[in-house]
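Written below as C-alpha cells is the structure these notes are about.
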Amino acid sequence: MSPPVPSKILTDDVSLLMVLIDTNPHFWSSIKPHFSFSKFLSHVLAFLNSILLLNQLNQVVVIATGINACGYVFDSSSGSVSQRAESLLPKLEEFAENDESLSERDDDSGNGVGSSLLSGSLSMALCYIQRVFRSGPLHPQPRILCLHGSPDGPGQYVAIMNSIFSAQRSMVPIDSCVVGIQHSAFLQQASYITGGVYLKPQQLDGLFQYLATVFATDLHSRNFLRLPKPVGVDFRASCFCHKNTIDMGFICSVCLSIFCKHQKKCSTCGSTFGQAKTHDPSASQQR
C-alpha cells in the first residue's frame with residue numbers, strides 16, 4: 001500500500017498579513033492639511049476588513065510603529081471569528097499616548113519630523129511569522145505590508161538590512177505603501193530584495209483603491225496579475241560613522257561595516273586598517 005500524499009506546507013489562497021502602521025505624530029501633523037491620520041485609518045480599516053472577508057481563514061496582525069516604541073495592536077486570530085478591524089482603535093490610541101509620553105522625555109524628539117522605528121516593527125513581524133512557521137506543518141502564506149510615511153532613519157540601516165535579508169531567506173515578501181512626501185530608499189530595497197511590491201500612491205484620497213487593487217491579492221494570485229514594478233531603486237548604503245547616505249566609501253573586510261572616510265580602526269569590530277594608497281603623479285611620469 002502506497003503512503004499517503006503529504007499535505008502542502010503552504011496554502012495557496014490563505015494569507016497571513018502583517019501590517020506595519022506608521023503612527024509618528026510629528027509626520028502626521030506635518031501633512032495634516034492634506035491627509036489626516038484619522039482619514040488614513042478609515043482607508044486602512046476598510047482594507048483590513050476586506051482581507052478578512054476574502055477568506056475566513058485569512059489572518060491579519062497589525063503592529064504600530066512609533067518613534068520610540070513598537071507594539072501589537074490587533075490580531076484577528078486572538079478574538080472571535082467575526083472580529084472586525086475596528087477593534088484595534090482602543091489599543092492604537094493607548095499605544096499612541098504611551099509613545100507620545102516617551103517622546104516628551106526625549107529632548108531630541110521635537111527636532112524635525114524624525115523617523116519611526118521601522119527596524120523594530122520589521123523584527124517583531126518576522127518573529128511572529130517564525131512562531132507561525134513552528135506551530136504546525138500547515139500554515140498560511142505570510143507577507144508584510146509597510147504603511148509608512150516618516151523619512152528613513154540612517155541609524156537603523158544595519159538593523160533594517162538584517163531584517164530584509166532575514167525575510168528574503170524565509171521567503172517572506174515585504175510590500176511597501178509609502179504615504180509620505182518622499183520615497184523611502186529602505187523600503188525600495190526591502191521590496192526589491194524580497195520580491196514584494198513598492199508603491200507610492202499619487203492620490204492619497206484614493207488610498208483604499210490602491211490597497212485593494214495592489215495589496216489585497218494573495219501570493220498565488222499575484223502570478224496572474226501585472227503589479228507595479230520597481231523603478232529607480234536607490235541601493236546606496238548609509239555610513240556607520242555619520243549615518244549619511246553615500247555613493248562611495250570604505251568597507252571593513254572583516255565585518256563589512258561602511259565608512260565615508262578612511263578610519264584607523266573599525267568602530268564595529270575593532271580591526272585595524274592599513275593606510276589608504278594615494279596616487280603619486282611623479283612616479284607615473286618616471287615610468
Side-chain angles (χ1 to χ4, degrees), residues 20 22 24 26-27 63 65-70 106 108-109 111-127 129-130 144 146 148-178 180-200 229-280:
L20 315 183
D22 189 356
N24 187 343
H26 304 298
F27 163 72
I63 300 176
T65 308
I67 56 179
N68 294 285
C70 303
D106 190 357
D108 298 331
S109 61
N111 297 332
V113 173
S115 59
S116 301
L117 288 179
L118 178 61
S119 59
S121 57
L122 281 174
S123 300
M124 293 180 65
L126 291 171
C127 289
I129 291 173
Q130 290 299 323
I144 300 175
C146 299
H148 204 68
S150 302
D152 293 336
Q156 304 180 56
Y157 173 75
V158 179
I160 290 178
M161 293 306 298
N162 288 337
S163 298
I164 292 174
F165 292 129
S166 177
Q168 181 191 35
R169 185 173 182 177
S170 302
M171 293 184 293
V172 177
I174 299 177
D175 298 329
S176 307
C177 182
V178 177
I181 300 176
Q182 56 189 2
H183 285 276
S184 172
F186 290 165
L187 290 179
Q188 283 181 333
Q189 296 183 43
S191 298
Y192 182 84
I193 293 174
T194 61
V197 179
Y198 178 88
L199 178 67
K200 188 177 184 301
K229 299 295 183 181
V231 178
V233 181
D234 188 359
F235 289 103
R236 292 182 298 173
S238 298
C239 66
F240 286 31
C241 45
H242 301 92
K243 312 302 181 183
N244 295 327
T245 303
I246 58 176
D247 297 316
M248 298 182 63
F250 299 86
I251 301 179
C252 175
S253 59
V254 178
C255 65
L256 302 181
S257 298
I258 304 171
F259 304 96
C260 59
K261 296 181 180 180
H262 183 266
Q263 307 285 334
K264 294 182 179 180
K265 189 176 182 180
C266 178
S267 59
T268 303
C269 65
S271 300
T272 303
F273 297 150
Q275 295 294 329
K277 295 181 179 181
T278 57
H279 178 67
D280 187 1

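Residues Thr194 and Ile144 have side chains not in contact (no heavy-atom distance under 4.5 Å, counting atoms from C-beta outward). Looking at Met161 and Ile193, their side chains come closer than 4.5 Å, going by heavy atoms from C-beta outward. Inter-residue side-chain proximity for Phe273 and Cys252 is flagged as met; some heavy-atom pair is nearer than 4.5 Å. Using a 4.5 Å heavy-atom cutoff, the side chains of Ile174 and Leu122 are in contact. The shortest side-chain heavy-atom distance between His148 and Ser176 does not fall under the 4.5 Å cut-off.
Residues satisfying the side-chain hydrogen bond (donor to acceptor under 3.5 Å, both in side chains) test with Ser119, not counting sequence neighbours, are Gln156.
Taking each heavy atom of Ile246 and Phe259 in turn, the nearest pair found is CD1-O, 4.2 Å. Between Ile164 and Phe186 the shortest heavy-atom distance is CD1-O, 3.9 Å. Heavy-atom minimum distance, Ser116 versus Ser150: OG-OG, 3.0 Å.
Atom CG of Leu126 and atom CZ of Arg169 lie 13.0 Å apart (nearest 0.5 Å). Leu117 CG to Ser121 OG: the interatomic distance, rounded to the nearest 0.5 Å, is 7.5 Å. Atom-to-atom distance recorded for Ile181:CD1 and Lys200:NZ is 8.0 Å, nearest 0.5 angstrom. Taken to the nearest 0.5 Å, the CG atom of Leu199 stands 10.0 Å off from the CG atom of Asp175. Between Ile251 atom CD1 and Cys266 atom SG the span is 11.5 Å, to the nearest 0.5 Å.
When atom types are taken as modelled, the side chain of Tyr198 and the backbone of Ser184 share a donor-acceptor pair closer than 3.5 angstrom. Proximity of a side-chain donor or acceptor of Asn24 to a complementary backbone N or O of His26 within less than 3.5 Å is detected.
His262 and Phe250 have perpendicular rings, their planes meeting at more than 60° on a 0 to 90° scale where under 30° would count as parallel.
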Pair Leu118-Cys146, side chain to side chain contact (heavy atoms under 4.5 Å, CB included): steps then yes or no: CA-CA 9 Å; Leu118 178 61; Cys146 299; 4.3 Å; yes
